[in-house]
Asks: 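Pasting a structure here, questions to come.
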Amino acid sequence: MIIFDYMEKYDYEQLVMCQDKNSGLKAIIAIHDTTLGPALGGTRMWTYKSEEEAIEDALRLAKGMTYKNAASGLNLGGGKTVIIGDPQKDKNEEMFRAFGRFIQGLNGRYITAEDVGTTVEDMDLIHQETKYVTGVSPEFGSSGNPSPVTAFGVYRGMKAAAMMAFGEDSLKGKTIAVQGVGNVAYSLCKHLHEEGAKLIVTDINEENMKRAVDEFGAETVHPDKIYDVACDIFAPCALGAVINDDTINRLSCKVVAGAANNQLKESRHGDLLAEKGIYYAPDYVINAGGVINVADELIGYNRDRALKKVEGIYDNIMKVFAIAERDGIASYQAANRLAEERIETMRRSRSMFLQSERNLLNIRS
Ligand SMILES: NC(=O)C1=CN([C@@H]2O[C@H](COP(=O)(O)OP(=O)(O)OC[C@H]3O[C@@H](n4cnc5c(N)ncnc54)[C@H](O)[C@@H]3O)[C@@H](O)[C@H]2O)C=CC1
Ligand SMILES: CC(C)CC(=O)C(=O)O
């Protein structure tokens, strides 16, 4: 990958490589766009096969956060971090403290939170070095683990997609295939089970799968077989790029609605879903519950207010489908339109001069 070419093509602002020999930290902070405000996005820890793969993931995820935050009506830009390493083996206190100091060095341009492979405990360590972190333990006035709130948002968005596909938003009796039953999907399955849905789950982690069987009476399938199960709704809740040339023709569902980021391998796969008559709830619209929740910390966390906003993901998904229908485009494009129009509107409105501490009028003594 030629990094500057890639950054220019998709209009990235900044890419920060963070290295700390003592702790073994190797982190990449990608800031995509801060038109709407500071970049907020989680930190993923993962065993990347190469540095290039890690950089690409950070860049793709950061751009997704720009669109997620914009489409959700947040005054925040998009950024994301990836830490190269095995979250089960390679973590230590020093690593997250060192990472916190790198974030502090960005002086508020980037604010972090949890993502795959990181926990509230990791955020607490970062918090010892910087205030630019959310999803910290509630004892610090923070909102804690965002995953259950992300799950609530996905549940609300899934109901909206069901309304479009089946003419009613009840999930009772619907068969839902869930790929990955980790932090978010565990809470999602709880909502779905309580509403009377039938669950078919898969995971590469046996313990996580067993928990879904024991608590929600879920059936299980091998991870390779999840695309082939007969179901009403497919919920990708593991990693990205799962809607691709190998999987798309195996799906028999009417709805794709799940928590994973970057579900479409390429945007043309979103067009193919639409052509097949499958209602796709765009990933960054449906999974915005976590970021909406942690963003509320920035104005003094109020759980009821945050949950009310997350409930609104239902309406946001309906809005996306309405734009898709109005403009004759696929739902992923409709979501992009929603996000891009908001960013452009704000960019234009900010072109007006505003008196501030930093402009020329104030530099004169
Ligand atoms: N945690 C949050 O609040 C948010 C998470 N997301 C996204 O949702 C997805 C899930 O996040 P979490 O639940 O936090 O992560 P997690 O790591 O707790 O759960 C992911 C699960 O997927 C499983 N998995 C991995 N590869 C798999 C495969 N090939 N087949 C089947 N299962 C597989 C893992 O074993 C794990 O149980 C990620 O894409 C994440 O970026 C998006 C927004 C917020
Ligand atoms: C809790 C969020 C900030 C996690 C995130 O990075 C995301 O929504 O993908």
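Whatever order the structure lists ligands and atoms in, that order sets their numbers, starting from 1.
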Asks: Go through N316 and L338 one step at a time and tell me if the side chain to side chain contact (heavy atoms under 4.5 Å, CB included) criterion holds.
Replies: CA-CA 10 Å; N316 225 19; L338 182 69; 4.1 Å; yes
Asks: Applying a strict under-4.5 Å side-chain criterion to I, L, V, M, F, W and Y, I'd like to know whether F234 and Y279 cluster together.
Replies: no
Asks: So for ligand 1, is T202 a polar contact partner (N or O within less than 3.5 Å, distance only)?
Replies: no
Asks: Please answer whether the main-chain N or O of I313 pairs with a side-chain N or O of R156 as donor and acceptor at a distance below 3.5 Å.
Replies: no
Asks: Walk me through it: do L264 and Y332 pass the test side chain to side chain contact (heavy atoms under 4.5 Å, CB included)?
Replies: CA-CA 9 Å; L264 305 175; Y332 83 93; 3.9 Å; yes
Asks: Checking the N or O distance criterion of under 3.5 Å, is ligand 1 in contact with N208?
Replies: yes
Asks: Between R268 and D245, does at least one N-O distance fall below 4.0 Å, as a salt bridge requires?
Replies: yes
Asks: Is ligand 1 under 4.0 Å from a heavy atom in the side chain of I226, in the backbone, in both, or in neither?
Replies: neither
Asks: At what distance is the nearest protein heavy atom to atom 6 (N) of ligand 1, and which residue and atom is it?
Replies: A259 O, 3.7 Å
Asks: Is the contact between E114 and ligand 1 made by the side chain, the backbone, both, or neither, using heavy atoms and a 4.0 Å cut-off?
Replies: neither
Asks: Looking only at non-hydrogen atoms, which of A288, S187, A238 approaches atom 9 (C) of ligand 1 most closely?
Replies: A238
Asks: Is it true that atom NZ of K63 has more than 12 heavy atoms of other residues, nucleotides or ligands lying nearer than 6.0 Å?
Replies: yes
Asks: Can you name the atoms of ligand 1, numbered from 1 with element, that are less than 4.0 Å from a heavy atom of T150?
Replies: 2 (C), 3 (O), 4 (C), 43 (C), 44 (C)
Asks: For atom 34 (C) of ligand 1, which candidate among V154, V149, N205, D203 holds the nearest heavy atom?
Replies: D203
Asks: Are there more than 12 heavy atoms of other residues, nucleotides or ligands under 6.0 Å from atom CZ of R305?
Replies: yes
Asks: Between atom CD1 of I103 and atom CD of E129, what is the distance when rounded to the nearest 0.5 Å?
Replies: 10.5 Å
Asks: Among M123, E121, H127, Q128, find the one that has a side chain to side chain contact (heavy atoms under 4.5 Å, CB included) with L125.
Replies: Q128
Asks: Pull out every atom of ligand 1 sitting under 4.0 Å from any heavy atom of A260, numbered as shown with elements.
Replies: 8 (O), 9 (C), 39 (O)
Asks: Can you confirm, on distance only, whether ligand 1 has an N/O atom lying under 3.5 Å from any N/O atom belonging to S147?
Replies: yes
Asks: Could an N or O of ligand 1 be found under 3.5 Å from any N or O of K80, whether backbone or side chain?
Replies: no
Asks: To the nearest 0.5 Å, what is the distance between CG on L307 and CG on N302?
Replies: 9.0 Å
Asks: Does the T150 side chain pair with the main chain of V184, one donor and one acceptor, at a distance under 3.5 Å?
Replies: no
Asks: What part of N287, side chain from CB on, backbone N/CA/C/O, both or neither, has a heavy atom under 4.0 Å from ligand 1?
Replies: both
Asks: Using modelled atom types and a 3.5 Å cut-off, is there a donor and acceptor pairing between side-chain atoms of N92 and backbone atoms of S23?
Replies: yes
Asks: Return the CD1 to OG distance between I292 and S143, rounded to the nearest 0.5 Å.
Replies: 12.5 Å
Asks: Using a strict 4.0 Å cut-off to heavy atoms of G182, name the atoms of ligand 1 that fall inside it.
Replies: 13 (O), 18 (O), 19 (O), 21 (C), 37 (O)
Asks: Got an N/O contact under 3.5 Å between V184 and ligand 1?
Replies: yes
Asks: Any idea which atoms of ligand 1 are less than 4.0 Å away from a heavy-atom of C237?
Replies: 9 (C), 10 (C), 20 (C)
Asks: Taking only heavy atoms of D115 into account, list the atoms of ligand 1 that are under 4.0 Å away from them.
Replies: 40 (C), 41 (O)
Asks: Measure from every N or O atom of ligand 2 to the protein's N or O atoms and keep only the pairs below 3.5 Å, writing each with atom names and distance to 0.1 Å.
Replies:
residue, atom, partner, partner atom, Å
ligand 2, 6 (O), G42, N, 2.7
ligand 2, 6 (O), K80, NZ, 2.7
ligand 2, 8 (O), K68, NZ, 2.6
ligand 2, 9 (O), K68, NZ, 2.9
ligand 2, 9 (O), K80, NZ, 2.7
ligand 2, 9 (O), N261, ND2, 3.1

Asks: Side-chain donor-acceptor contacts of residues 204-215 below 3.5 Å, not counting sequence neighbours, with atom names and distances?
Replies:
residue, atom, partner, partner atom, Å
N205, OD1, E207, N, 2.9
N205, OD1, N208, N, 3.0
K210, NZ, D214, OD2, 2.7
E215, OE1, Y186, OH, 2.6

Asks: Taking atom NZ of K159 and atom CD1 of I233, what is their separation to the nearest 0.5 Å?
Replies: 9.5 Å
Asks: Charged N to carboxylate O below 4.0 Å: is that the case for E194 and K190?
Replies: yes
Asks: Among all the protein's non-hydrogen atoms, which is closest to atom 28 (C) of ligand 1, and how far away is it?
Replies: I204 CG2, 3.9 Å
Asks: Only heavy atoms of V116, strictly under 4.0 Å: list the atoms of ligand 1 that pass.
Replies: 11 (O), 15 (O), 17 (O), 38 (C), 40 (C), 41 (O)
Asks: Which is closest to atom 18 (O) of ligand 1 in terms of heavy atoms, I292, D224, N183?
Replies: N183
Asks: Find all atoms of ligand 1 within a distance of less than 4.0 Å from any non-hydrogen atom belonging to N261, and give their numbers and elements.
Replies: 6 (N), 7 (C), 39 (O), 40 (C), 41 (O), 42 (C)
